[in-house]
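Single-structure report; data block below.
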Amino acid sequence: MIIQRVVLNSRPGKNGVPVAENFRLEESTIADTVQVGQVRVKTLYLSVDPYMRCRMNEDTGSDYLRPWQLSEVADGGGIGVVEESQHHNLAKGDFVTSFTWPWQTAAILDGDSLQKLEPQLVNGRLSYFLGAAGITGLTALLGIREKGHVATGANQTMVVSGAAGACGSLAGQIGRLEGCSRVVGIAGTDEKCSILVQEMGFDAAINYKKGDVAKQLRELCPGGVDVYFDNVGGDISDTVISQMKQNSHIILCGQISQYNKDVPYPPPLPPDIEKIQKERNITRERFLVLNYMDKQEASVLQLCQWIQEGKLKVRETVVEGLANIGAAFQSMMNGGNIGKQIVSISK
């Protein structure tokens, strides 16, 4: 059977910026027969995420991330429909997902590696299982619950950087749902800031490309910051940390501003900021959602309930066609998206 697939064409280099040309679309084939325990699936949606930048390097800098190999198919979060099954628990027509879905139009996969999906949990919006009701939503929810120490009635202020991105846009809303009394987002355009406040219930949002971020933060968080959901690292995070309170908490989700730099993860803080962190007893622990998979089922159900109730607003940037996944990756890394970046495989 002839398929299309996307392979890693070249590496951008540890300090390079990814471009669409780092990926290559090509024709390939998969077997015509499905073996016992396997299923043949048609790909419907693929997820494009910031962490994938690390997988473009020969050394990902992480013990849990496997590097993509040159001229081999890339993979990541994906959703598809079963077209033929030789697996006891999966039938034709079932919707399934995996964290290691190959970037190709169809595939033969081990049925045990797939998780069956229930579309009604997300009002039929299957792609949400790659974002708000998937690993992205889990990262936001479990990060806040495990590392944020948010308590209802504690009058806590949360700041979210990268707030218009897939994880940040959810984290701010979840912070409010979990008990924060004030949520402030930091994003890169006026449009993103407007969406955060008008659609997603943030109290305020700062465009870091305009004006004095430190001054605006002091005005919007006069009592200081209790919880910081850090998606970006770098100068923005240094600014936020300098205004955090005694015994406050950093949820170290991502460091996208540092992904194109050859530095350890999480990147060390500048000496003056590290001094503030230690003096104020600010927690800054690496958070890896995969360490909390025992809480996955209950957490996904909570996320789905909020979506169904309209309490968790979801934004997606959807790109059509496997041929455009490289361009989608480049746009995501350049911060051009609002919400989750999804590639829809329509053919």
Side-chain angles (χ1 to χ4, degrees), residues 4-28 43 45-78 99-104 130-131 135-136 139 161-162 164-168 187-189 192 208-209 230-237 252-268 286 288 317-345:
Q4 288 188 315
R5 67 177 195 169
V6 169
V7 302
L8 185 65
N9 187 49
S10 59
R11 300 190 191 277
K14 282 197 171 183
N15 297 312
V17 177
V19 293
E21 291 73 25
N22 291 133
F23 300 96
R24 182 176 75 247
L25 180 73
E26 61 182 30
E27 260 191 8
S28 187
T43 304
Y45 300 103
L46 295 171
S47 176
V48 179
D49 301 287
Y51 81 88
M52 292 175 171
R53 173 62 186 86
C54 303
R55 301 191 66 189
M56 299 181 80
N57 299 331
E58 286 186 84
D59 177 7
T60 65
S62 169
D63 52 7
Y64 68 92
L65 282 182
R66 181 176 53 83
W68 287 330
Q69 300 300 320
L70 289 171
S71 295
E72 291 189 13
V73 68
D75 68 320
F99 293 138
T100 56
W101 197 285
W103 286 9
Q104 52 195 55
L130 293 177
I135 197 74
T136 313
T139 299
S161 59
C167 196
T189 69
K192 289 178 179 180
Y208 69 86
K209 294 180 181 177
D230 185 4
N231 284 301
V232 301
D235 293 342
I236 290 174
S237 289
L252 199 59
C253 176
Q255 303 280 282
I256 195 168
S257 73
Q258 308 298 304
Y259 282 171
N260 295 326
K261 299 176 183 177
D262 185 11
V263 293
Y265 183 83
R286 182 175 180 176
L288 180 58
T317 299
V318 180
V319 173
E320 296 287 340
L322 185 62
N324 295 314
I325 199 166
F329 188 91
Q330 180 178 341
S331 175
M332 181 264 304
M333 288 303 300
N334 290 337
N337 306 327
I338 297 173
K340 180 73 176 179
Q341 176 76 72
I342 298 288
V343 176
S344 173
I345 314 299

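Residues Phe23 and Trp68 have side chains in contact (heavy-atom distance under 4.5 Å, counting atoms from C-beta outward). Side-chain atoms of Pro12 and Val19, non-hydrogen and from C-beta on, never get closer than 4.5 Å to each other. No side-chain heavy atom of Asn22 sits less than 4.5 Å from a side-chain heavy atom of Asn9. Counting heavy atoms from C-beta outward, Glu26 and Ser71 have side chains that stay 4.5 Å or more apart.
What you find for Arg66 and Arg55 is that their closest heavy atoms are O-NE, 2.7 Å. Across all non-hydrogen atoms, the minimal contact from Val343 to Ala328 is CG2-CB, 4.0 Å. Contact between Arg11 and Met56 at its shortest, heavy atoms only, is NH1-O, 2.9 Å. The shortest heavy-atom contact between Leu70 and Ser10 is CD2-CA, 3.6 Å. Looking at every heavy atom in both residues, Thr317 comes nearest to Ile338 through OG1-O, 2.9 Å. Between Gly321 and Ile345 the shortest heavy-atom distance is C-CD1, 4.3 Å.
Separation of atoms CG (Leu46) and CG (Leu130) is listed at 8.0 Å; rounding is to 0.5 Å. Of the inter-residue distances, the one linking Arg53 atom CZ with Lys14 atom NZ reads 10.0 Å to the nearest 0.5 angstrom. Atom-to-atom distance recorded for Ile342:CD1 and Glu320:CD is 11.5 Å, nearest 0.5 angstrom. In this structure, Gln4 CD and Gln104 CD are separated by 11.0 Å, a value rounded to the nearest 0.5 Å. How far CG of Leu8 is from CH2 of Trp103: 9.0 Å, rounded to the nearest 0.5 Å. In this structure, CE on Met52 lies 10.0 Å from CG on Leu65, to the nearest 0.5 angstrom.
Residues satisfying the side chain to side chain contact (heavy atoms under 4.5 Å, CB included) test with Thr100, not counting sequence neighbours, are Asp75, Ser98. Residues passing the side chain to side chain donor-acceptor pair (under 3.5 Å) test with Lys340, sequence neighbours excluded: Ser47, Asp49, Thr136. Scanning for side chain to side chain contact (heavy atoms under 4.5 Å, CB included) contacts around Ala20 gives Ala327, Gln330, with sequence neighbours left out.
Listed for the Asp230 side chain is a donor-acceptor partner under 3.5 Å among the backbone atoms of Val232. With hydrogens and angles disregarded, a donor-acceptor distance shorter than 3.5 Å links the side chain of Ser161 to the backbone of Asn231.
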